[in-house]
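Taking it in order: structure first as structure tokens, then the write-up.
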2 protein chains.
Amino acid sequence: MQTYQDGLAALGDPTRRAIFELLAEGPTPVGELAALLPVSRPAVSQHLRVLTEAGLVRVRAEGTRRLYHLDPAGLAAVRDYLDRFWARALADFKTAVEES
Amino acid sequence: MQTYQDGLAALGDPTRRAIFELLAEGPTPVGELAALLPVSRPAVSQHLRVLTEAGLVRVRAEGTRRLYHLDPAGLAAVRDYLDRFWARALADFKTAVEES
DNA sequence: GTACTCCGTAAGTAGTAACTTACGGTAAGT
DNA sequence: ACTTACCGTAAGTTACTACTTACGGAGTAC
């Protein structure tokens with residue numbers, strides 16, 4: 001689906017952010033992610049499902065392992081969303097400072 | 001606080017995203033935001049509190065009204081966070097495509 | 001085939017957070 | 001002073017979601 005909405009909702013959870021940041025160090029299997037996190041392996045699987053549906057992450061099978069890695073598409077969607085507000089945020093902030 | 005973590009957590013909620021997007025059209029008082037949304041005015045106040053603590057939004061009083069507007073600081077924190085993963089996402093995605 | 005590894009899904013629980021109504025406080029107008 | 005407009009906070013409820021354990025499927029090795 002990879003909309004910015006799903007992306008932001010997915011990254012709103014701290015555990016999913018942790019997974020996301022671990023994946024930034026390179027493609028990683030589920031078990032290794034779970035070993036590095038304070039939650040169970042099924043919990044990691046469930047988070048990976050959300051991240052995948054948000055378009056932030058992708059899988060490729062390699063034997064019995066499933067290597068997850070970042071997907072630029074979802075990342076770009078979120079980044080572009082935030083960029084749309086950048087100019088307006090600067091303008092509003094500027095007038096707010098001037099009037100104070 | 002304006003960390004990227006608070007920013008992402010704040011924007012994870014769809015109602016707060018709606019408020020955030022309404023504020024992108026210019027500084028707006030609480031009552032007007034509530035009139036444009038399917039939730040009560042106190043609910044909007046509570047969301048604005050979260051957005052403010054995340055550094056995404058600021059207030060200035062104007063008579064009895066309180067005008068909320070976007071704050072570039074929190075926005076930049078979230079955007080910069082995502083940018084840190086951009087290069088790695090592209091690299092991982094590229095190798096994934098090549099191996100498929 | 002059997003065994004073992006790696007993983008996703010189902011089902012159930014507990015904690016959180018988004019919402020409501022009710023209340024109080026401040027600023028401007030008459 | 002009284003009233004009205006605008007707003008934040010407190011308290012309570014409900015719905016969601018992140019988590020656990022239990023189970024089953026798919027792949028590899030023997």
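The figures here come from the full heavy-atom set of this structure, side chains too, leaving out hydrogens, waters and symmetry mates. Since this is a predicted model, take the numbers as computed values, not measurements. The sequence lines fix the lettering, A, B, ..., with proteins before strands; numbering per chain opens at 1.
Partners of B:Phe20 by ring pair (Phe, Tyr, Trp, His ring centres under 6.0 Å), not counting sequence neighbours, listed by chain and number: A:Phe85.
Proximity note for A:Ser45 (side chain, C-beta onward) versus C:dA18, C:dT9, D:dA18: the nearest is C:dT9. Closest to the B:Tyr68 side chain, of the nucleotides D:dG8, C:dC6, C:dG8, is D:dG8.
Separating the CG atom of B:Leu67 from the P atom of C:dA27 is a distance of 15 Å, rounded to the nearest angstrom. Going from atom CZ of A:Arg60 over to atom P of C:dC6 covers 18 Å, rounded to whole Å. The interatomic distance linking B:Arg49 (CZ) with D:dA10 (C1') rounds to 12 Å, in whole Å. Between the C1' atom of D:dT9 and the CG atom of B:Leu48 lies a distance of 14 Å, rounded to the nearest Å. Distance, A:Leu37 CG to D:dT20 P: 11 Å, rounded to whole Å. Distance A:Arg66 CZ to C:dT9 P: 8 Å, rounded to the nearest Å. With rounding to whole Å, B:His47 atom NE2 is found 9 Å from C:dA17 atom C1'. When rounded to the nearest whole Å, the span between CG of B:Asp6 and P of C:dA17 equals 12 Å.
Within residues 10-30 of chain A, the residues approached by DNA chain C to less than 4.0 Å at the level of any non-hydrogen atom are A:Pro29, A:Val30, in residue-number order.
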Give every pair of a protein N or O atom and an N or O atom of nucleotides 20-25 of chain C that lie under 3.5 Å apart, one pair per line with the distance.
unit_1: C:dT20; atom_1: OP2; unit_2: B:Ser40; atom_2: N; d: 2.8
unit_1: C:dT20; atom_1: OP2; unit_2: B:Ser40; atom_2: OG; d: 2.6
unit_1: C:dT20; atom_1: O4; unit_2: B:Gln46; atom_2: NE2; d: 3.1

Just the atom pairs and distances: protein N or O near nucleotides 28-30 of chain C's N or O, under 3.5 Å.
none

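At distances below 3.5 Å, not a single donor-acceptor pair connects side-chain atoms of B:Arg41 with backbone N or O atoms of B:Ala34. Not a single donor-acceptor pair under 3.5 Å links the side chain of B:Arg58 to the backbone N or O of B:Asp71.
B:Arg16 pairs with exactly one of B:Val44, B:Leu11, B:Val50 by the side-chain contact (heavy atoms from CB on, under 4.5 Å) rule, that one being B:Val50.
For the pair B:Glu53 and B:Arg49, the salt-bridge criterion is met [side-chain N within less than 4.0 Å of a carboxylate O]. Residues A:Arg17 and A:Glu21 are not paired through a salt bridge, judged by the lack of any N-O separation under 4.0 Å between the basic side chain and the carboxylate.
Under the ring pair (Phe, Tyr, Trp, His ring centres under 6.0 Å) criterion, no residue pair touches residues 35-56 of chain A, with sequence neighbours excluded. Residue pairs meeting the ring pair (Phe, Tyr, Trp, His ring centres under 6.0 Å) criterion with at least one partner in residues 55-74 of chain A, sequence neighbours excluded, are absent.
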Taking it one step at a time, do A:Val59 and A:Leu67 satisfy side chain to side chain contact (heavy atoms under 4.5 Å, CB included)?
-> CA-CA 5 Å; A:Val59 216; A:Leu67 288 180; over 6 Å; no

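Going from atom CZ of A:Arg65 over to atom CZ of A:Arg60 covers 10.0 Å, rounded to the nearest 0.5 Å. Once rounded to the nearest 0.5 Å, the distance linking CG of A:Leu75 with CZ of B:Arg88 reads 13.0 Å.
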